[in-house]
Amino acid sequence: MIRLYNTLTRKKEDFQTHQPGLVKMYVCGVTVYNDAHVGHAMSSLVFDIVRRYLEYRGYSVKHVMNFTDVDDKIINRANQLGIPPLELSNKYIADYRQNLLDLNILPASATPQVSKTMPQIISFIEGLIERGYAYPAANGDVYFRVTKDEDYGRLSARKIEDMQAGARIEIEEQKEHPMDFALWKAAKPGEISWQSPWGQGRPGWHIECSAMNLVELGEQIDIHGGGNDLIFPHHENEIAQTECYTGKEFSRYWMHNGMLQLGGEKMSKSLGNIISIKEFLSKRDADVMRMLVLNGSYRAPLVFNEETLDGAEKGLERIKSALRPASTKETDSNAESVTGLPAAMDTVKKAFIEAMDDDFNTAGALGAIFDFVRITNTARDAGATDAQLKPAQDTIRELTGVLGLRLAEKTGSGDADKFINLLVEVRAEVRKQKLWAMSDLIRDRLKELGVTIEDGKQGTTWRFS
RNA sequence: GGCGACGUCGCCAAGUGGCAAGGCAAGGGUCUGCAAAACCCUCAUCAUGGGUUCAAAUCCCAUCGUCGCCUCCA
C-alpha cells in the first residue's frame, strides 16, 4: 500500500484513486517569460519520480502539466523586448520542453496553455457568478467572493482574519472584501486581451488551473502537485474556485515539494539568485541533478551547492561501479557472496518498494540500492562471472530506472577508442620494461584528457571520466 | 506581527516509541611497481531545558535557531 503525505490533512494517508488503476495527476508548471531555473527542475523531477513510481506499481498515470502563458510578467517582458506576449511565451514553452527532455523527464500526457483555454475559463467564471461565488466589478474585473466559501483557508491552514492582520493586501475599492481575488482582469489600453461578457480582458492568475484541470481531467482528480510556495494563494484559490463550481471535492491528495536552497535562501526569479537549467546542464550531467533530488526528501528544502552536487556525482559513480564487467581474474562461481546474489536481489527490491511506498522515500530507496551495489561489487571481487553478475546488474538498472536515472557511461568522440587502445597497448609494453616514469606519464596525461586508466590483475581497463 | 514546516556525524540525509540506514569527506588496511577502482575496518545518542513512558531522535510543553508563506514565485 502506497502512503503519501497530504498537505490538506498534514498527514500521511493511504493512497486510493477514484478509479482503480488510474491516477489523475495535475502538476503546476511554469509561467513562461524567462529561462527556467534548477528550482523548476527540482519540482518537475519530483513529480516525474512520483509518476514513474506509480507506473512501476501498476498504475496508469494521466499526468497534466500546464503552461501559464498569459500573465503580467509575460506582458511586461514582451513590452520591454517589443514583441507580442504569446511569441515570447511560445519561445519559453519550447525551451522548457527541451529542458524537460534533457533532464530525462517523461513528457506529460497533456500540457494545456491558458491562451488556448479561454472559452472554458470564461464559462467557468460565468458559472461561479451564477452560483453567487463571484461578482463583476464596475471596472470590468471579476472577483471571487472568499467570504462565501466556508472552507476557504483549509489547505494553507489559515483564517481570513489572520491574513488580514498581515495587512499587506492593498485595499481596492473594487473589491467587496480585501481577500477577494481576481478571476478576470479588465484589459489596460494596448494590452493583449480576449472578449468576455465583462468586456475585453484576461484571466486572473488562479482560474486557468481550475479550468484546465476541468478540461483535461474532469471534476475530481487524485493528485494535485506543485512547489510549496504555491500553497497560498494559488492552490488555496484553485480549491475554492473548483469546489464552489462543482460542489465536489477537487483533488484527493495535495503534494508539495520543498524549495531548492541556494546560499541558504530559496532560489527564485524575484531574488535573482538563479542558475538556469541550461547553465546547469552545460556543467553537469542531468543525472547529477536528479541524484541530488533523490538523496533528499521531496518535501524538505534541498541544499544546492558545489559540495552537495559533488556528493551526488560521486554517488552516481558508485552506483555505476556495480555495472562494470566481471573481473578478469580467475572466477569462483561458488563463493558465498556469488551464490547469495539472487537472495540479495530479492531483498533490495523489497526494501526499495517499502521505502518508496512510504511517501516516495527516495533517500531510503537509494540506501537499499547502495547496499546492493556493495554486495554486487563484493561478488565480482570474489570471482562472479558476467553471466552471474547480469541479473544483479539488471536489478540495479531496473530500480534506478524507476527513479529516472540514466547511468550512461561517458563516451568519447567516435574514433578516439582505437587511439586510446593503442596508447594502452604501448603503455603495457613500457610497463613490461618497468619504465614507470613513462608509464605514469601516459596515465596522467590521459587522465587530463578525460580518460581514466586502471591497472587490474589481468590487464588494464580504461573509461571516459 | 500571523500561519506553517523543520533542527540527526565535517557535509547531504533515512529513521516518527524498543539498542541511530545510506552517500560524500576523513583515518587505517587488502590489492598495486606506484596509483586508481573495488573490498574490509574505524567514525554520531539525535538544537537546549523540562515532562509522559518499563522504554523517546521518535509523544507533550517551553526556549533558542533555520526556512517557507502571508506580494509574483516550482
Side-chain angles (χ1 to χ4, degrees), chain A residues 7 10 12 27-31 33 36-47 68 71-73 153 156-159 161-170 179 205 225-234 236 256-261 264-271 291-292 294-297 299-305 307-319 321-322 324 327 329 337 351 355 358 361-371 373-374 376-378 380-382 431 434-437 439-440 443-444 447 452-457 461 463 465:
Chain A
T7 307
R10 316 251 165 206
K12 284 184 193 170
V27 180
C28 281
V30 291
T31 301
Y33 67 101
H37 57 71
V38 288
H40 299 116
M42 175 192 180
S43 190
S44 290
L45 284 165
V46 163
F47 290 101
T68 297
D71 156 277
D72 284 342
K73 293 184 295 300
S156 52
R158 54 185 86 193
K159 303 187 182 94
E161 309 85 70
D162 291 344
M163 286 184 279
Q164 284 179 268
R168 279 213 256 170
I169 314 131
E170 285 180 41
M179 290 305 296
W205 175 32
N228 67 14
D229 55 347
L230 294 179
I231 293 173
F232 189 90
H234 188 55
E236 192 69 70
H256 292 97
N257 64 275
M259 293 293 101
L260 186 142
Q261 304 285 131
E265 271 184 317
K266 166 186 167 185
M267 177 177 292
S268 84
K269 292 176 186 172
S270 49
L271 288 173
M291 190 68 176
L292 189 71
L294 291 169
N295 184 52
S297 154
R299 286 192 278 130
L302 181 66
V303 182
F304 180 96
N305 59 37
E307 195 176 3
T308 57
L309 286 169
D310 284 344
E313 200 162 271
K314 290 288 188 56
L316 280 172
E317 287 306 315
R318 179 153 180 74
I319 295 177
S321 74
R324 292 177 194 160
S327 148
K329 70 177 181 184
S337 57
D358 181 14
N361 180 357
T362 51
L366 273 186
I369 291 173
F370 278 119
D371 283 340
V373 162
R374 181 172 34 74
T376 304
N377 283 334
T378 300
R380 181 196 299 100
D381 282 1
R431 291 182 71 218
K434 299 193 192 299
L435 299 171
W436 306 125
S439 162
D440 292 348
R443 185 172 64 198
D444 293 346
K447 180 80 183 173
T452 299
I453 283 194
E454 288 169 4
D455 298 318
K457 207 152 197 163
T461 59
R463 65 175 184 276
S465 56

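Computed from a predicted structure; not experimentally measured. Numbered from 1 within each chain, the chains take letters A, B, ... in sequence-line order.
- Within the cation-pi definition used here (under 6.0 Å to the ring centroid, within 45° of the axis), A/Arg318 does not qualify as a partner of A/Phe370.
- Interatomic distance, A/Leu45 CG to A/Leu294 CG, rounded to the nearest 0.5 Å: 8.0 Å.
- Pairing for B/C3 goes to B/G68, judged as Watson-Crick or G-U wobble with the two contacts each under 3.5 Å.
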Checklist entry - Where along nucleotides 17-33 of chain B does protein come under 4.0 Å, by heavy atom, of base (B) or sugar-phosphate alone (S), with - for untouched nucleotides? => result ----BBSSS-------B

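- Taking atom P in both B/G50 and B/U58, the straight-line distance is 14 Å, to the nearest Å.
- When the C1' atom is used for both B/A36 and B/U45, the distance is 37 Å, rounded to whole Å.
- Comment: A/Arg443 engages A/Asp440 in a salt bridge, judged by a side-chain N to carboxylate O separation of less than 4.0 angstrom.
- A distance of about 10 Å separates the P atoms of B/G10 and B/A44, rounded to the whole Å.
- The side chain of A/Thr31 places an N or O atom within less than 4.0 Å of a non-bridging phosphate oxygen (OP1 or OP2) of B/A74.
- Inspection of the A/Ser156 and A/Arg158 side chains reveals an N or O donor paired with an N or O acceptor under 3.5 Å.
- When each of A/Ala157 and A/Asn305 is assigned the nucleotide of RNA chain B bearing its nearest heavy atom, the one mapping closer to the 5' terminus is A/Ala157.
- Minimum atom distance to the side chain of A/Glu454 is reached by B/A36, of the listed B/A36, B/C72, B/C39.
- B/C31 makes up no base pair with any nucleotide shown, lacking Watson-Crick or G-U wobble contacts both under 3.5 Å.
- Along RNA chain B, the nucleotide nearest to A/Val303 and the one nearest to A/Leu230 differ in position, and the one closer to the 5' end is contacted by A/Val303.
- Atom CD1 of A/Ile369 and atom P of B/A14 are 16 Å apart (whole Å).
- With both pairing distances under 3.5 Å, B/C59 is matched to B/G51 as a Watson-Crick or G-U wobble pair.
- At whole-Å resolution of the value, CZ in A/Arg158 and P in B/C3 are 11 Å apart.
- Across all strands shown, A/His37 has heavy atoms under 4.0 Å from base atoms, whether or not it also approaches the sugar-phosphate.
- Counting only distance, with no hydrogens or angles, the side chain of A/Arg380 and the backbone of A/Ala322 share a donor-acceptor pair below 3.5 Å.
- Two residues are said to be in side-chain contact when any heavy atoms from C-beta on lie closer than 4.5 Å; A/Arg463 and A/Glu454 meet this criterion.
- No donor-acceptor distance shorter than 3.5 angstrom exists from the side chain of A/Ser44 to the backbone of A/Ala41, with no hydrogens or angles considered.
- Residue-level contact check: A/Leu260 touches the bases, meaning some heavy atom is under 4.0 Å from a base atom.
- Remark: the separation of the P atoms in B/A38 and B/C60 is 43 Å, to the nearest Å.
- Counting any heavy atom pair closer than 4.0 Å across all strands shown, A/Ile453 reaches a base atom.
- Close to B/A35, at under 4.0 Å from its OP1 or OP2, lies no side-chain N or O of A/Lys447.
- Across B/U63 and B/C40, the matching C1' atoms stand 45 Å from one another, rounded to whole Å.
- When the C1' atom of B/A38 is taken as reference, atom CZ of A/Arg463 falls 10 Å away, rounded to whole Å.
- Residue-level contact check: A/Gly29 touches the backbone only, with heavy atoms under 4.0 Å from sugar-phosphate atoms and none from bases.
- If you check every strand for non-hydrogen atoms under 4.0 Å, A/Thr308 touches sugar and phosphate atoms only.
- Between the side chains of A/Ser43 and A/Asn257, a donor-acceptor pair is found at a separation under 3.5 Å.
- Taking atom C1' on both nucleotides, B/C46 is separated from B/C3 by 28 Å, rounded to a whole Å.
- Contacts of A/Ser297 with the nucleic acid, taken as non-hydrogen atoms under 4.0 Å apart, involve only primed sugar atoms and P, OP1 or OP2.
- Distance check on atom C1': B/G27 versus B/C64 gives 35 Å, rounded to whole Å.
- Of the candidates B/C70, B/G15, B/A74, B/C70 carries the atom nearest the A/Phe232 side chain, counting heavy atoms from C-beta on.
- Residue contacts for A/Gln261: at a heavy-atom cut-off of 4.0 Å it reaches the sugar-phosphate backbone alone, with no base atom in range.
- Between the A/Thr362 side chain and the A/Gly296 main chain, a donor and an acceptor come within less than 3.5 Å of each other.
- In this structure, A/Asn377 does not reach the B/A37 phosphate: none of its side-chain N or O atoms is under 4.0 Å from OP1 or OP2.
- When the P atom is used for both B/G29 and B/A35, the distance is 11 Å, rounded to whole Å.
- The pairing partner recorded for B/C19 is none, the criterion being a Watson-Crick or G-U wobble arrangement whose two distances lie under 3.5 angstrom.
- Atoms CG (A/Asp358) and C1' (B/G15) sit 10 Å apart, rounded to a whole Å.
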